[in-house]
Amino acid sequence: MSEEIKEEPMEGVSDEDESSETSEESMDDEDADESKEGTGPRVYLPGQALEDGEELIVDNSAYRMLHPAQSGAPCLSFDVIPDDLGNSRESYPLSMYIVAGTQAAKTHVNNLLVLKMSNLRGNKQRSKDSESESSDSEDEDEDRQPVMSVAPIKHQGCINRVRCTKIGGGIIAASWSELGRVNVWNLQEQLSAVESPSLLAAYRNKCEKASAEIKPLYTFKGHLSEGFGLDWSRLEAGTLASGDCKGNIHIWRIDNSSGSWHVDQRPYNSHAPHSVEDLQWSPSEKNVLASCSVDKSIKIWDVRASPQNACMLTAPGAHTADINVISWNQKENQFMVSGGDDGVLHVWDLRQFGSDCPTPVATFKQHTAPVTTVEWHPTEATVFASGGADDQIAQWDLSVEADHTEEPQDSALAKLPPQLLFIHQGQSDIKELHWHPQCPGTIISTSHSGFNVFRTISV
């Protein structure tokens with residue numbers, strides 16, 4: 001578990017209304033002391049009061065890598081873009097790509113951002129660099145700094161959620177607009193642009209021309225309101241589900257021969273009139289979809305059936321408040337984790353959903369505010385991460401059992417569940433996190449205060 005954490009903002013766009021006006025953004029490392037004079041550092045847990053003169057500092061020894069980043073206006077949703085740099089990448093420095101959507105103060109200045117983060121160095125590597133650098137090595141020091149290249153696409157309305165997928169070798173993203181539209185975008189031009197400063201400059205010059213405004217491949221205006229639920233199928237390329245705030249879910253499919261999109265106008269709507277907050281396609285059955293809602297239920301759908309008969313299983317009252325997020329275990333497909341406004345995390349065995357009142361197999365109440373994001377580790381079946389409005393990200397491992405031979409001396413630590421591996425702090429109002437599927441143990445998270453890219457010593 002980390003000790004004391006202090007978040008230092010990175011260099012980025014100074015005005016959130018100009019989030020599309022930067023290209024190469026420097027990602028400064030956090031500069032935090034490891035201890036205070038006169039007293040040694042102590043473990044801080046969320047919710048504890050600080051004494052006069054105390055401040056939170058990061059325990060860098062608890063991280064293999066830690067970098068903050070900012071993109072101007074907050075990006076409250078993003079997704080990891082699959083790349084061709086290889087799987088199981090653990091050698092630093094790392095490079096990675098994401099697509100993110102802004103929530104700027106003014107509706108007309110929002111952007112879908114394709115970002116390349118490169119030269120992400122590990123903590124040990126950065127420590128060695130610091131020891132070896134000399135006072136006259138400014139150019140060398142600049143070469144060691146992480147860099148973020150940004151290719152923007154103008155977007156009508158704030159972006160509630162964005163998800164990407166690979167179709168036929170190309171990268172496609174879907175974005176939920178606050179204006180009630182779902183757009184589908186081809187990101188190949190932007191991914192090419194972020195590969196070099198000259199290509200990025202040419203792309204930006206092109207985008208400044210009004211006649212060159214980038215258009216989505218397809219826009220669906222059939223939802224009756226804005227929404228948040230959005231997920232691509234991993235088993236059937238080009239299949240998308242979108243859910244809105246009036247409880248309607250629509251299924252999209254691409255016609256591979258023509259490249260056109262077909263959206264079933266008949267909604268799956270047994271959540272109505274309550275908002276659909278999150279959607280997840282089954283990782284093992286291509287026709288099965290899960291949803292969660294403000295109505296406090298989780299539903300499992302068979303999309304081969306007509307909408308009125310598609311709901312196969314329901315877990316009513318799965319939480320005592322709105323259910324915000326769900327995640328389907330990629331390795332043990334019978335398990336799902338959910339998080340809600342009640343601050344609770346429930347782990348479910350879906351085989352129990354046939355009963356009138358299914359009981360979660362595990363429940364955790366670490367978060368003190370609504371849980372806004374949760375995701376299973378892509379390859380470790382017992383590990384997941386959660387984040388919330390209480391400004392903390394927690395890493396969990398369900399395989400860990402209490403070791404009663406080594407009880408913590410700190411009474412507060414003794415009360416923590418043994419499955420809680422790590423608490424990451426330093427971001428304000430966390431909105432979304434994703435494990436990078438090609439960089440083991442690496443998490444990217446976004447919040448009102450920007451991005452964090454990190455890997456802890458725990459996973």
Side-chain angles (χ1 to χ4, degrees), residues 77-84 97-101 110-116 151-157 159-177 179-195 199-200 202-203 206-207 209-223 226-244 248-268 279-283 285-289 301 303-304 307 310 437:
S77 182
F78 75 98
D79 203 6
V80 178
I81 297 176
D83 58 53
D84 298 322
Y97 303 80
I98 67 172
V99 56
N110 279 285
N111 291 276
L112 193 65
L113 304 176
V114 174
L115 303 95
K116 179 183 180 182
I153 303 172
K154 290 189 180 299
H155 190 277
Q156 293 298 314
I159 298 171
N160 294 343
R161 194 156 290 174
V162 59
R163 294 289 182 263
C164 68
T165 191
K166 183 177 284 190
I167 301 177
I171 301 298
I172 304 296
S175 62
W176 240 126
S177 170
L179 303 179
R181 307 167 190 162
V182 181
N183 302 302
V184 175
W185 309 84
N186 186 336
L187 303 184
Q188 290 307 119
E189 183 179 6
Q190 293 73 33
L191 286 168
S192 297
V194 297
E195 290 303 323
L199 291 173
L200 190 55
Y203 172 80
K206 170 187 171 182
C207 292
K209 300 176 182 179
S211 59
E213 182 177 344
I214 298 170
K215 302 291 186 182
L217 296 174
Y218 181 76
T219 297
F220 178 59
K221 301 179 182 179
H223 280 287
E226 66 176 317
F228 296 89
L230 197 63
D231 195 38
W232 291 100
S233 170
R234 293 174 176 83
L235 301 178
E236 194 169 50
T239 297
L240 176 71
S242 57
D244 62 38
N248 296 308
I249 300 169
H250 288 275
I251 307 300
W252 306 42
R253 287 186 171 86
I254 189 172
D255 184 331
N256 292 316
S257 60
S258 65
S260 59
W261 294 86
H262 171 73
V263 184
D264 193 334
Q265 302 294 323
R266 303 169 302 162
Y268 299 86
L279 294 168
Q280 285 270 291
W281 286 100
S282 167
E285 299 179 74
K286 69 177 184 178
N287 295 304
V288 177
L289 177 72
W301 309 79
V303 299
R304 292 170 297 185

Walk me through whether Leu115 and Phe78 qualify under side-chain contact (heavy atoms from CB on, under 4.5 Å). CA-CA 10 Å; Leu115 303 95; Phe78 75 98; over 6 Å; no

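In this structure, the side chain of Ser175 does not engage the main chain of Ile159 through any donor-acceptor pair within 3.5 Å. At least one donor-acceptor pair under 3.5 Å links the side chain of Gln188 to the backbone N or O of Ile171. A donor-acceptor pair under 3.5 Å is formed between the side chain of Tyr203 and the backbone N or O of Pro152. Judged purely by atom type and a 3.5 angstrom limit, Arg161 uses its side chain to pair as donor or acceptor with the backbone of Phe228. In this structure, the side chain of Ser77 engages the main chain of Val162 through a donor-acceptor pair within 3.5 Å. In this structure, the side chain of Asp264 does not engage the main chain of Ile251 through any donor-acceptor pair within 3.5 Å.
Pairing each heavy atom of Leu112 with each of Gly101, the nearest pair is CD1-CA, 4.4 Å. Across all their heavy atoms, Ser233 and Trp281 have their closest contact at N-CD1, 3.4 Å. The minimum heavy-atom distance linking Gly227 with Asn160 is given by the pair O-ND2, 3.1 Å. Taking all atoms of both residues into account, the shortest heavy-atom contact from Ser242 to Val182 is CB-CG2, 4.2 Å. The shortest non-hydrogen separation linking His250 to Gln265 is CE1-O, 3.3 Å. The two residues Ser282 and Leu235 have their closest heavy-atom pair at O-CD1, 3.8 Å.
Annotation: ring pair (Phe, Tyr, Trp, His ring centres under 6.0 Å) contacts of His155 (sequence neighbours excluded): Trp185. For the ring pair (Phe, Tyr, Trp, His ring centres under 6.0 Å) test, no residue two or more places apart in sequence or in another chain qualifies with Tyr97. Residues meeting the salt bridge (charged side-chain N to carboxylate O under 4.0 Å, His left out) test with Lys286, sequence neighbours left out: Glu236.
Using cut-offs of 30° and 60° for the angle between ring planes, the Trp176 and His223 rings count as tilted.
Rounded to the nearest 0.5 angstrom, Arg234 CZ and Thr239 OG1 are separated by 13.0 Å. Annotation: the span from Ile98 atom CD1 to Cys164 atom SG amounts to 10.0 Å, rounded to 0.5 Å. Note that CG of Asn110 is 8.0 Å distant from OG of Ser177, once rounded to the nearest 0.5 Å. Atom CG of Asp83 sits about 9.5 Å away from atom NZ of Lys116, to the nearest 0.5 Å. Between Gln280 atom CD and Asp231 atom CG the span is 5.0 Å, to the nearest 0.5 Å. One finds the CD1 atom of Ile81 at 4.5 Å from the CG atom of Leu191 (value rounded to the nearest 0.5 Å).
In this structure, the ring of Phe220 has its center no less than 6.0 angstrom from the ring center of Trp261.
Here the side chains of Val303 and Tyr268 are in contact, with some heavy-atom distance below 4.5 Å. Residues Leu187 and Ile172 form no side-chain contact, since every pair of their non-hydrogen atoms from C-beta on lies 4.5 Å or further apart.
Here the options are Ile249, Leu240, Leu230, the test is side-chain contact (heavy atoms from CB on, under 4.5 Å), and the partner is Leu279; only Ile249 passes.
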